[in-house]
Engineer: 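For reference, the structure I am asking about is given below.
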Amino acid sequence: MQTFLYEKTVVVTGAAGFLGSHLCDVLLESGAKVIGVDNFITGRAKNLSHLESNQHFSFIEADVNTDPTTYLKDVKPDVVLHFASPASPPRYQEHPVETYLVNSYATHLLLSFLTEHAPEARFLFAGTSEAYGDPSVHPQPESYWGNVNPNGVRSCYDEAKRMGETVCGVFNRDFGMDTRIVRIFNTYGPRMNPADGRVIPNLVMQALKGEPMTIYGAGTQTRSYCYVDDLVSGILAFLVHPDLAGETLNIGNPEEFSILETADEIAKVTGSDEKVFESLPSDDPLRRQPDISKAVSLLDWKPSVSFSDGLTKTIEYFKSELM
Ligand code: UDP
């Protein structure tokens, strides 16, 4: 059990999302009193249904782009994890305004609220590997500033996440707040929305339905996939560390696969290996791999779930979603 979290009041925005719901679970296991907030723009109530009778969990349906003094009235958080945001490229491009607001303005609103009502609170921001854009440095260390198209189709997400980092930096340096930024690389696992449009849900659902797997472009672009349990344990280790205020850490699994290799790994588990090629969306990064040496040296953490084991568990979950 993490003693830092014991009996602490922890607010998780985006609690009904894939990562938010897993974070609620590990925070509760660590003895925290968790308040989940979500407006269900992409989150799903079923991701939290198992917590309905948990006395240490409560839920507030609210849009975090509004003043926190309304939806967090009388709450004095010890910790806030800001994970609210559409996160898959098709979904954030469907909700561009909500996406740039929640990552920039809502970060400002939450930190302003904490500065006034709970200045000792710890704030963890869900940053992203998309901050590196289409990277010219490979793998990507935290010190790399990225190669992002500021007016591209992904910018409502990646530039807003970068702005969110800016807000965290200002509140840390100028107002003395304990802000931390985790740059999250591609993550997969149970509770991902099978319809969210990302590569793993798309290809797995297609394979399970006996349809060809859609490969965008030539499929030579790469991603490095982290199983959700590994990601969440890394985030928790970062959150509870006593000395990492103001830090930025990559969390992910450096094992790198081309999209064609990803499809082949999925085919090994599902037995369905048909592929169809479609055009590559604009600004699709050619490669992505985290350099996690900073997190490994600062935290007692490294990812341990292999892609094949993680896929097997994830595919079981997607099968249950089909029933
Ligand atoms: N992709 C694909 N087929 C799909 C969905 C995605 O080939 O059905 C590719 C996409 O073009 C990208 C990679 O898989 O190169 C990862 O896409 P995803 O949407 O999962 O997230 P990203 O890492 O691009 O944010």
Side-chain angles (χ1 to χ4, degrees), residues 17-19 42 83 85-96 99-100 103 126-135 138-140 146-149 152-162 182-228 231 250-267 270 272-290 307 310-311 314-315 318:
F18 165 48
L19 297 183
T42 52
F83 276 68
S85 177
S88 88
R91 293 297 91 80
Y92 64 64
Q93 287 168 36
E94 206 171 278
H95 303 289
T99 299
Y100 69 62
N103 288 299
T128 174
S129 58
E130 291 226 23
Y132 301 120
D134 189 16
H138 194 74
Q140 294 81 54
N147 176 34
V148 173
N149 177 353
V153 291
R154 287 180 173 247
S155 61
C156 61
Y157 183 75
D158 49 28
E159 287 291 23
K161 286 283 188 193
R162 288 164 66 97
V182 53
R183 292 195 185 133
I184 299 168
F185 283 68
N186 295 62
T187 306
Y188 68 102
R191 299 193 204 144
M192 268 188 120
N193 186 338
D196 90 354
R198 278 183 278 201
V199 66
I200 289 184
N202 269 13
L203 271 48
V204 169
M205 292 306 282
Q206 289 156 349
L208 290 177
K209 290 181 195 159
E211 297 166 3
M213 293 182 279
T214 49
I215 310 294
Y216 300 164
T220 51
Q221 71 272 32
T222 69
R223 295 294 185 272
S224 308
Y225 308 103
C226 188
Y227 187 64
V228 65
L231 186 96
N250 287 339
I251 300 282
N253 187 327
E255 224 191 332
E256 185 183 12
F257 297 86
S258 70
I259 301 307
L260 285 172
E261 289 167 341
T262 307
D264 290 341
E265 290 295 315
I266 291 170
T270 60
S272 173
D273 68 356
E274 214 187 320
K275 301 180 184 86
V276 62
F277 289 83
E278 295 187 359
S279 56
L280 187 69
S282 44
D283 295 342
D284 199 293
L286 281 181
R287 51 193 191 161
R288 186 182 290 155
Q289 183 186 34
F307 193 36
L311 267 183
T314 306
I315 290 170
F318 284 133

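Order of listing sets the numbers, starting from 1, for every ligand and every atom in it.
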Engineer: Are any non-hydrogen side-chain atoms of T42 and N193 less than 4.5 angstrom apart?
Structural biologist: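 No, too far: nothing below the 4.5 Å cut-off.
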
Engineer: Any non-hydrogen side-chain atom of H95 less than 4.5 Å from a side-chain atom of C156?
Structural biologist: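 Side-chain contact under 4.5 Å: no.
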
Engineer: As a check for students: among R198, Q221, R288, R287, identify the option with a heavy atom nearest to atom 9 (C) of ligand 1.
Structural biologist: Q221

Engineer: With side chains defined as the heavy atoms from C-beta onward, is the minimum distance between P190 and T314 less than 4.5 Å?
Structural biologist: yes

Engineer: So which of E261, H138, E256 actually passes side chain to side chain donor-acceptor pair (under 3.5 Å) with T222?
Structural biologist: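 So, applying the side chain to side chain donor-acceptor pair (under 3.5 Å) to T222 and each of E261, H138, E256, only E256 qualifies.
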
Engineer: So which protein heavy atom does atom 24 (O) of ligand 1 come closest to, and at what separation?
Structural biologist: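 Answer, as residue, atom name and distance: R154 NH2, 2.7 Å.
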
Engineer: May I ask whether M213 places a heavy atom under 4.0 Å from ligand 1?
Structural biologist: no

Engineer: Give the atoms of ligand 1, by number and element, whose distance to some non-hydrogen atom of I215 is under 4.0 Å.
Structural biologist: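 Those of ligand 1 that fall under 4.0 Å from I215 are 7 (O).
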
Engineer: Tell me whether ligand 1 is touched by S88 - counting only heavy atoms on the residue side and a distance under 4.0 Å.
Structural biologist: no

Engineer: Mark up the atoms of ligand 1 that fall under 4.0 Å of a heavy atom belonging to N202, in ascending order.
Structural biologist: 4 (C), 5 (C), 8 (O)

Engineer: Which part of I200 is near ligand 1, with near meaning a heavy atom under 4.0 Å away: side chain, backbone, both or neither?
Structural biologist: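 The answer is neither; I200 stays 4.0 Å or more away.
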
Engineer: What is the closest protein heavy atom to atom 25 (O) of ligand 1, and at what distance does it sit?
Structural biologist: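 Checked against all protein heavy atoms, atom 25 (O) of ligand 1 sits closest to E130 OE2, 3.1 Å.
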
Engineer: For atom 13 (C) of ligand 1, find the nearest protein heavy atom and state the residue, atom name and distance (0.1 Å precision).
Structural biologist: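 Nearest neighbour among protein heavy atoms for atom 13 (C) of ligand 1, to 0.1 Å: I259 CD1, 3.5 Å.
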
Engineer: Is T262 touching ligand 1 with its side chain, its backbone, both, or neither, if touching means heavy atoms under 4.0 Å apart?
Structural biologist: neither

Engineer: Is there a side-chain contact between Y188 and N253 (heavy atoms, below 4.5 Å)?
Structural biologist: no

Engineer: To which protein heavy atom is atom 11 (O) of ligand 1 closest, and what is the distance rounded to 0.1 Å?
Structural biologist: D284 OD2, 2.6 Å

Engineer: For F257, enumerate each residue passing the ring pair (Phe, Tyr, Trp, His ring centres under 6.0 Å) test, keeping only those at least two apart in sequence or located in another chain.
Structural biologist: F307

Engineer: Nearest protein heavy atom to atom 1 (N) of ligand 1, by residue and atom, and its distance?
Structural biologist: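 For atom 1 (N) of ligand 1, the nearest protein heavy atom comes out as Y216 CD1, 3.4 Å.
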
Engineer: State, yes or no, whether a side-chain contact exists between Y225 and T262 at a heavy-atom distance under 4.5 Å.
Structural biologist: yes

Engineer: Given side chains that start at C-beta, do those of T214 and Q206 come closer than 4.5 Å, heavy atoms only?
Structural biologist: yes

Engineer: Side-chain contact test, heavy atoms from C-beta onward, threshold under 4.5 Å: evaluate it for K275 versus D264 and give yes or no.
Structural biologist: yes

Engineer: Starting from atom 23 (O) of ligand 1, find the nearest protein heavy-atom neighbour and note its residue, name and distance.
Structural biologist: R223 NE, 2.6 Å

Engineer: Identify, for atom 3 (N) of ligand 1, the protein heavy atom at the shortest distance, and state residue, atom and that distance.
Structural biologist: T214 O, 2.7 Å

Engineer: Give me the residue, atom name and distance of the protein heavy atom closest to atom 17 (O) of ligand 1.
Structural biologist: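 Sorting protein heavy atoms by distance from atom 17 (O) of ligand 1 puts V199 CB, 4.1 Å first.
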
Engineer: When Y132 is tested against each of Q289, R183, R288 for side chain to side chain donor-acceptor pair (under 3.5 Å), which residue passes?
Structural biologist: R183

